[in-house]
2 protein chains.
Amino acid sequence: MTTQLGVDQSIGQRLLDAAIDHFGQKGLEGASTRAIAAAAGTTMSSITYHYGGKEGLYLAAVRHIASRIGERLDPVLPASRDLTAQDSGPEAASREVLSIVDHFLEIILRPESEAWARLIVREQMGPTVAFDALYGGVMGRAIEPLSALLVRIGEGRWDDTEARLKALAIMGQALVFRVGRATLLRAAGWTDVDAEGSAAIRRVVLTQTSAVLTDRGEGVPR
Amino acid sequence: MTTQLGVDQSIGQRLLDAAIDHFGQKGLEGASTRAIAAAAGTTMSSITYHYGGKEGLYLAAVRHIASRIGERLDPVLPASRDLTAQDSGPEAASREVLSIVDHFLEIILRPESEAWARLIVREQMGPTVAFDALYGGVMGRAIEPLSALLVRIGEGRWDDTEARLKALAIMGQALVFRVGRATLLRAAGWTDVDAEGSAAIRRVVLTQTSAVLTDRGEGVPR
DNA sequence: GTCTATACTACGATAGAC
DNA sequence: GTCTATCGTAGTATAGAC
């Protein structure tokens, strides 16, 4: 961080924005510091000054993303006290799960999420020092409360690990529409995901999530 | 391809294996031709000779992966004739969907899939010339029959696009356990996915898929 | 604080020896 | 066919001017 916390685009801030863009599109190795600096209207050496180098800038970019998503996600996540103290029934818990998934979808489907989605997925498959910030700020923040809600919904049918796996699978239903965007477009015959497309995706994911929550498990194979 | 199709590791073959490994771990830009050549026990210039350059080697690696997965997937996919001609009921179609998902999971969860999973996901988020080979060989090959089966299962409730979105969401439930591996390990508190873990994942995904298929949509929110 | 100039390393491509 | 040698480019880092 610079000592100057100017509201209007400081050089450090412009570098960060450009970094998210470039790292997201070309990855850590693919992006060039000169190109990032040029996009921010400055030169490469200011990256060294502000962030200590390419890796430092990358870490800062991931942390920035994590906190931004965290901000968006927080208002809809039940605080931890609600999960332990309050003992509302599985129906209320189900509604809460659907609300979380819905907001998660809303965040995921907006066009701006494309840049940072790439960063997150890359981090998933080859975790660097930045992964901790990402898990704590995004993935874990959603999975923990979801798992707790699922345990309540399951009413003893699912243990803690099983609930976490279920939470991940539910998130996967939503995430595939961002991570597998190229396949989505090809499979649906779309050129982009417009408002109508988003609504259709939202309908499908919420319907399937609802089905998963109300299922009593009679249809299990073998 | 070399003129010599030696069963035992030709240089072209060794280059291909090394390429899948390196490109998978560091991406197209991140991997270096010298390192790949060294791993294959040869020098950089043989890449030019055999594949015309770095891009050619990358394309060959992706195509190789696509055909290998296609081989594994093909036996369990219903041939297209079965989907149009035969008119078995939704129950048979449901069993077929579960079988496809199960085999898909089996492929996805095996440790060897880690290397090429990275390649595929990178291609998803920044499609290059190799994407066509990948969609035709892997993603499309699974989604098309799945969608057709879902249309039959839905019995008029879902149109073609909706069925494709549902197919993608179902695949997403499985894919998240490969793509989000780092989050999975962290959330479940595992150090790796052992046989027991795989079984638990398989149980969860198949149960949820089954729930989605049998759902009649009464629980839809709003 | 920010930029210019420069040092050094590694990349991919290619020409030519064997 | 495979390797060595070399070229041009682009990467990060750093010292120093302003």
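Values reported hereafter were calculated over all heavy atoms of this structure, with side chains retained and with hydrogens, waters and symmetry mates removed. Throughout, protein chains are lettered first and strands after them, A, B, ... in sequence-line order, and every chain is numbered starting at 1.
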Min side-chain heavy-atom separation B:I36-B:F23 under 4.5 Å: yes
Nucleotide C:dA13, atom P - distance to CG of B:L57 in whole Å: 10 Å
Ion pair check, B:R186 and A:D132, cut-off under 4.0 Å: yes
Side-chain donor/acceptor contact of B:S45 with base of D:dT4 under 3.5 Å: yes
Nucleotide C:dA13, atom C1' - distance to NE2 of B:H50 in whole Å: 16 Å
Any B:Y49 side-chain nitrogen or oxygen under 4.0 Å from OP1 or OP2 of D:dG1: yes
Test item: A:L146 and A:K166 side chains (from C-beta on) under 4.5 Å apart, heavy atoms: no
Nearest-neighbour nucleotide for the B:M44 side chain, C:dG12, D:dT14, C:dT2 considered: C:dG12
A:Y51 OH to C:dT2 P, straight-line distance once rounded to whole Å: 11 Å
Residues within residues 28-42 of chain A bordering DNA chain D, heavy-atom distance below 4.0 Å: A:S32, A:T33, A:R34
Sugar-phosphate, base or nothing in reach of B:T48, heavy atoms under 4.0 Å: base
Nearest-Å distance for atom pair CD1/P, residues A:I47 and D:dA10: 17 Å
Salt bridge present between A:E106 and A:R110 (N-O < 4.0 angstrom): yes
Separation of C:dT2 P from A:L15 CG (nearest whole Å): 9 Å
Side chain to side chain, B:S198 and B:I201, heavy atoms closer than 4.5 Å: no
d(NZ, B:K54; C1', D:dA10) in whole Å: 12 Å
Test item: side-chain donor near acceptor, A:S113 and A:R178, under 3.5 Å: yes
